[in-house]
Amino acid sequence: MMRSLTDFVSESFIWGVGITRPKERQRRFAAYYISACLAFAILSVVGFFLILVSRF
């Protein structure tokens, strides 16, 4: 069964980093929060790279 992208990202992050698994009722919020944080970090790095490229 195919799960949502946020669930996949959340499970990968939990296993990869080793954080404590959220409680059942907080699992959906944790999946969105982890996905949003990772997306923000990636977009920040890409944005910083584009700023550097445009300056030189």
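Predicted, not measured: the structure shown is a model, and the values here were computed from it. The figures here come from the full heavy-atom set of this structure, side chains too, leaving out hydrogens, waters and symmetry mates.
Between atom CD1 of residue Ile34 and atom CD1 of residue Ile19 there is a gap of 4.0 Å, rounded to the nearest 0.5 Å. Within the model, atoms CZ of Phe8 and CZ of Phe13 stand 14.0 Å from one another, a figure rounded to the nearest 0.5 Å. Between the OG1 atom of Thr6 and the CG atom of Leu38 there is a distance of 11.5 Å, given to the nearest 0.5 Å. Here the straight-line distance linking atom CZ of Phe49 with atom CG of Leu52 works out to 8.0 Å at 0.5 Å rounding.
A single hydrophobic cluster is seen to contain both Leu5 and Val17, as judged by linkage of ILVMFWY side chains at heavy-atom distances under 4.5 Å, directly or through other members.
Counted by atom type alone, Asp7 and Ser10 present zero donor-acceptor pairs between their side chains at under 3.5 Å.
For the residue pair Pro22 and Arg27, the shortest heavy atom distance occurs at O-NH2, 4.0 Å.
For the pair Ser54 (side chain) and Ile51 (backbone), a donor-acceptor distance under 3.5 Å is present.
The shortest side-chain heavy-atom distance between Arg21 and Glu11 falls under the 4.5 Å cut-off.
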